[in-house]
2 protein chains.
Amino acid sequence: MSTEEQQDRLLRWVERVAAFCVEEWGLPPITGRILGWLMICDPAEQSAGQIADVIQASRASLTSNMRFLTAIDLVKKVRRPGDRVSYYRIEDDAWQKVIQRKLESLSAFGDIADEGLDITGGEGHRTERIKAAHDSLTWLQNLAARHPLRR
Amino acid sequence: MSTEEQQDRLLRWVERVAAFCVEEWGLPPITGRILGWLMICDPAEQSAGQIADVIQASRASLTSNMRFLTAIDLVKKVRRPGDRVSYYRIEDDAWQKVIQRKLESLSAFGDIADEGLDITGGEGHRTERIKAAHDSLTWLQNLAARHPLRR
DNA sequence: TAGCTATTTCAGTCATGTTTGAAATCACTA
DNA sequence: TAGTGATTTCAAACATGACTGAAATAGCTA
């Protein structure tokens, strides 16, 4: 396989990862491509320019996306003495963080459910409906809290 | 509290549920409002017209949304002999289904990871990165499969 | 069957959020 | 300090997909 074909295959894979990110986590396509590329690139640390070139996005878009990704700690910005360019690499536990945060954000429903129960007065069919929803949402959270992933 | 204030409070709650649906599950706002209303309405079964009125959406929008919600089995369409209007009620396990499906859809990453490992040749830093992602994604799934919610 | 009401379809409008390109800024080097 | 290359900011273009309204259809009743 030529290096060009290899590159093609890499990019197709990056695209699959991006599609997954878009569908599952609601990330913008370019953000997904960046994550995909940072997963499979070699070396692991890449400059914004390199990434922009490879995923065919503008430098400007890279700037905002890298800021976002580093802000939420999915990507780490690496600076080297005597080198003016910044390099980025995906955090080892990036995906774990994504999942963990998704789970945590589910807890927001707790408050919603509480107010719902207050509205329904704590009994009747309406109450049951709300409780069922709340139970489902807390089920996963408790599960995850009790069985943390060890790596 | 006047009935009008009560209605206001109901609608505010519905709006909170809708916002949650939008953020967490990526549903359109109106779809979220429908689910929110169906959770707290009385009686539990409501016609498309009733729902449209209460959440201030068009009948047309209701049509497509109800079709969608019944297609994915979150809402059940109920017909009554001698009554031309269709009624809808939220499924008891609607939220459980939503969560379950989200988890299942994560398995799509399995295939992506497999191809990634094929590309990287199964060793090196790139392989580790992909494996880490895959492990995180399957962790929750296995957990959920082993500890089903009993109601 | 005729008449009425509710539902559905479809095409057009609208809003939202993403991406881009140009210009400004910054950091380093010589 | 001037020059070079990279980064950042910002406004505007763009694409996507949701919502609406009008017209067509379907289902019930008399």
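Residue numbering restarts at 1 for every chain, and letters A, B, ... go by the order of the sequence lines.
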**Request:** Would you kindly compare A:D83 and A:L27 by the position of their nearest DNA chain C nucleotide and give the one closer to the 5′ end?
**Result:** A:L27
**Asked** Whole Å only: how far is the NZ atom of A:K77 from the C1' atom of D:dA6?
**Response** 11 Å
**Request:** Could you check how far CD1 of A:I51 sits from P of D:dT8, rounded to whole Å?
**Result:** 12 Å
**Fill in**
Atom CD of A:E23 and atom P of D:dG17 are separated, to the nearest Å, by 11 Å
**Message:** Can a donor-acceptor pair be found, under 3.5 Å and without considering hydrogens, that links the side chain of B:S107 to the backbone of B:L103?
**Reply:** no
**Message:** Just to be sure I understand the rule, does A:S47 reach a base, reach only the sugar-phosphate, or reach nothing, if contact means heavy atoms closer than 4.0 Å?
**Reply:** nothing
**Asked** Where the side chain of A:A57 is concerned, which of D:dA18, D:dT7, C:dT20 is the nearest nucleotide?
**Response** C:dT20
**Sub-4.5 Å side-chain heavy-atom contact between A:W95 and B:H134** = no
**Request:** Answer with yes or no whether the hydrophobic clustering places B:L62 together with B:V22; edges join I, L, V, M, F, W, Y residues whose side-chain heavy atoms lie under 4.5 Å apart.
**Result:** no
**Prompt:** Under 4.0 angstrom, heavy atoms only, what part of the nucleic acid is A:L62 near: base, sugar-phosphate, or nothing?
**Reply:** nothing
**Request:** Check every atom of D:dC28, D:dC19, D:dT20 against the side chain of B:P29 and return the nucleotide holding the closest atom.
**Result:** D:dC19
**Asked** To the nearest Å, how far apart are A:Y87 OH and D:dA6 P?
**Response** 10 Å
**Request:** Decide whether B:L137 and A:I72 are clustered together by the hydrophobic rule: side chain heavy atoms of Ile, Leu, Val, Met, Phe, Trp, Tyr closer than 4.5 Å, transitively.
**Result:** yes
**Asked** What is the distance, rounded to the nearest whole Å, between atom CZ of A:R59 and atom P of C:dA23?
**Response** 18 Å
**Item:** Proximity to the side chain of A:A48 - top-ranked nucleotide from D:dG21, D:dT9, D:dT7
**Value:** D:dT7
**Request:** Counting heavy atoms from C-beta on, name the nucleotide in C:dT19, D:dT8, C:dT9 closest to the side chain of B:T63.
**Result:** C:dT9
**Asked** In whole angstrom, what separates B:I55's CD1 from D:dA18's P?
**Response** 15 Å
**A:S58 side chain, from C-beta outward: closest of C:dT20, D:dC19, D:dT8** = C:dT20
**Item:** Closest to side chain of B:S61, choosing from D:dT7, D:dA18, D:dT20
**Value:** D:dT20
**Message:** Check whether A:T70 reaches the backbone of A:M66 with its side chain - one donor and one acceptor, N or O, closer than 3.5 Å.
**Reply:** yes
**Fill in**
A:Q56 atom CD is separated from C:dG21 atom P, nearest whole Å, by 12 Å
**Fill in**
Separation of D:dT8 atom P from A:F68 atom CZ, nearest Å, is 16 Å
**Asked** Taking only N and O in the side chain of B:R67, is any of them less than 4.0 Å away from OP1 or OP2 of C:dT9?
**Response** yes
